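Computed from a predicted structure; not experimentally measured.
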Amino acid sequence: MSKNSWIDISVPLSNSMHGWPGNPPTFVTMHLGTGKGDVCNVSAINFNSHTGTHMDAPLHFLHGAKTMDDLPWDAVIGECRVVEIKDKTAITPAELKKLKPKKGERLLFKTRNSAKSWKKPEFDKDFVYISKEGAQYLVDCGVQTVGVDYLSVGGFYKDGIETHHVLLGAEMWIIEGLDLSKVKPGKYDLICLPIKFHKGDGAPSRCLIRPR
Ligand SMILES: [Zn+2]
């Protein structure tokens with residue numbers, strides 16, 4: 001990887017991508033195709049607001065809260081830090097304390113999910129998540145934006161609702177569904193641009209980082 005080159009940390013949108021159980025799955029079909037004699041290629045895409053690499057707005061869990069329209073660009077454009085989490089279950093205050101999160105920081109968490117969860121044939125319920133205590137610790141540190149390397153900041157079995165409530169209640173901006181398998185811990189420039197979904201509770205996003 002050459003220095004100063006952008007790394008795409010988004011996952012591709014396709015029929016075989018992982019999706020949250022119960023949410024509408026992604027369907028991509030060919031509406032028009034030059035292979036079948038049409039004059040052009042046009043795909044029909046069905047997906048939901050939390051598909052693949054995406055952002056959560058406070059509205060995702062909190063009735064009447066801020067929407068994707070309220071996203072400040074500073075939350076998703078600027079310096080970020082990729083940190084490696086060794087815990088194989090959850091991101092907890094014990095490990096976060098050692099990483100010394102700073103006020104206003106954009107933090108992306110690389111866990112075993114990047115190497116393991118995305119490579120499974122189906123949705124991995126056993127992914128590493130942010131515990132509700134870890135979420136509160138990030139809020140107390142004044143972190144601006146968090147990014148995680150699977151489909152939810154909260155766990156499938158534990159703290160799914162609680163962690164979202166703590167982070168979104170503090171209006172922290174959340175990026176979910178990153179693939180950090182090709183990324184080393186360190187400082188990067190971040191650009192994450194969600195699609196312009198009016199009053200969205202979340203939105204699929206393209207996310208790039210570049211070593212600083
Ligand atoms: Zn989400």
Side-chain angles (χ1 to χ4, degrees), residues 6-11 20 23 47-83 85 91 96 99-111 113-114 127-155 159-180 183 187-210 212:
W6 289 96
I7 307 163
D8 189 350
I9 54 172
S10 333
V11 298
W20 192 262
N23 280 353
F47 61 100
N48 72 78
S49 52
H50 297 265
T51 294
T53 306
H54 71 278
M55 291 197 67
D56 283 5
L59 180 66
H60 184 33
F61 273 81
L62 306 170
H63 185 75
K66 287 188 175 174
T67 73
M68 289 309 301
D69 293 346
D70 299 307
L71 172 69
W73 299 121
D74 279 348
V76 287
I77 301 172
E79 184 180 325
C80 76
R81 181 158 61 118
V82 175
V83 293
I85 295 294
I91 301 169
L96 287 171
L99 298 167
K100 297 185 170 57
K102 292 178 206 62
K103 187 172 165 53
E105 205 173 14
R106 306 172 192 90
L107 270 184
L108 309 184
F109 295 108
K110 179 178 182 177
T111 73
N113 299 342
S114 280
F127 62 89
V128 180
Y129 60 94
I130 306 174
S131 73
K132 65 174 189 291
E133 295 83 6
Q136 188 59 53
Y137 187 77
L138 292 167
V139 168
D140 294 343
C141 291
V143 169
Q144 177 174 206
T145 306
V146 286
V148 292
D149 57 357
Y150 205 53
L151 291 165
S152 173
V153 283
D159 293 349
I161 297 168
E162 292 86 347
T163 291
H164 276 96
H165 275 245
V166 171
L167 297 177
L168 296 174
E171 296 185 353
M172 198 182 294
W173 291 92
I174 296 173
I175 309 168
E176 294 171 327
L178 296 170
D179 178 358
L180 296 170
V183 177
K187 289 201 172 147
Y188 292 84
D189 294 314
L190 165 74
I191 299 179
C192 178
L193 295 178
I195 62 166
K196 198 167 181 172
F197 169 31
H198 182 53
K199 297 206 183 295
D201 50 83
S205 309
R206 193 67 179 263
C207 216
L208 306 168
I209 58 173
R210 177 175 66 180
R212 284 176 75 92

Review point. Side chain of Ser10, backbone of Cys207: donor and acceptor closer than 3.5 Å?
Key: yes
Exercise for review: Find out whether Met172 and Leu167 are in side-chain contact, i.e. whether some heavy atom of one side chain is under 4.5 Å from a heavy atom of the other.
Suggested key: yes
Review point. Mind checking what makes side-chain contact (heavy atoms from CB on, under 4.5 Å) contact with Thr145, not counting sequence neighbours?
Key: Ala75, Arg106, Trp173, Ile175
Practice item. May I ask you to check whether over 12 heavy atoms, not counting those of Ile195, lie within 6.0 Å of atom CD1? Key: yes
**Study point:** Non-neighbouring partners of Phe47 that pass ring-ring contact (aromatic ring centres under 6.0 Å, His included), sequence neighbours left out
**Key:** none
Review point. With a 4.5 Å heavy-atom cut-off, do Asn113 and Tyr129 have their side chains touching?
Key: no
Practice item. Test side chain to side chain contact (heavy atoms under 4.5 Å, CB included) on Leu138 and Val166 and set out the steps. Key: CA-CA 9 Å; Leu138 292 167; Val166 171; over 6 Å; no
Exercise for review: Give, for atom CD1 of Ile174 and atom CZ of Phe61, the distance between the pair rounded to the nearest 0.5 Å.
Suggested key: 8.5 Å
Review point. Backbone N or O of Gly154 within a donor-acceptor pair of the Thr163 side chain at under 3.5 Å?
Key: no
Exercise for review: Go through the steps to decide whether Val153 and Ile91 satisfy the test side chain to side chain contact (heavy atoms under 4.5 Å, CB included), and finish with yes or no.
Suggested key: CA-CA 10 Å; Val153 283; Ile91 301 169; over 6 Å; no
**Study point:** Asp201 side chain vs Leu59 backbone, donor-acceptor pair below 3.5 Å
**Key:** no
**Study point:** Where Ile7 and Tyr188 come nearest, the two heavy atoms and their spacing
**Key:** CD1-CE2, 4.2 Å
Check your understanding: Any luck finding a side-chain donor-acceptor pair between Asp56 and His164 under 3.5 Å?
Key -> yes
Review point. Has the side chain of Ser205 got a donor or acceptor atom that lies under 3.5 Å from a matching backbone atom of Cys192?
Key: no
Review point. Do the side chains of Glu176 and Leu151 get nearer than 4.5 Å, heavy atoms only?
Key: no
Check your understanding: After noting the C-alpha distance and the side-chain angles of Lys199 and Asp69, does the key distance pass the side chain to side chain contact (heavy atoms under 4.5 Å, CB included) rule?
Key -> CA-CA 6 Å; Lys199 297 206 183 295; Asp69 293 346; 3.6 Å; yes
Review point. Out of curiosity, Cys80 SG to Ile9 CD1, how far, rounded to the nearest 0.5 Å?
Key: 6.5 Å
Practice item. Over all heavy atoms of both residues, which pair between Val11 and Gly177 is shortest? Give the atoms and the distance, please. Key: CG1-O, 3.8 Å
Revision key, fill the gap. For Met55 and Pro194 the tightest heavy-atom approach is SD-CG, 3.9 Å
Check your understanding: Which pair of heavy atoms, one from Leu107 and one from Val83, lies closest together, and at what distance?
Key -> CD2-CG1, 4.1 Å
Check your understanding: Taking 4.0 angstrom as the limit, do Lys110 and Asp149 come out as a salt bridge?
Key -> no
Point to revise | Value rounded to 0.5 Å, distance of NZ in Lys132 from CD1 in Ile161 | key: 12.0 Å
Exercise for review: For side chain to side chain contact (heavy atoms under 4.5 Å, CB included), just list the numbers for Leu108 and Ile209, CA-CA rounded to whole Å, side-chain angles, deciding distance to a tenth of an Å, and then say yes or no.
Suggested key: CA-CA 10 Å; Leu108 309 184; Ile209 58 173; 4.1 Å; yes
Review point. NZ of Lys187: more than 12 outside heavy atoms within 6.0 angstrom?
Key: no
Study note, to complete from the structure: Shortest non-hydrogen pair, Pro101 vs Val143, comes out as CB-CG2, 3.7 Å
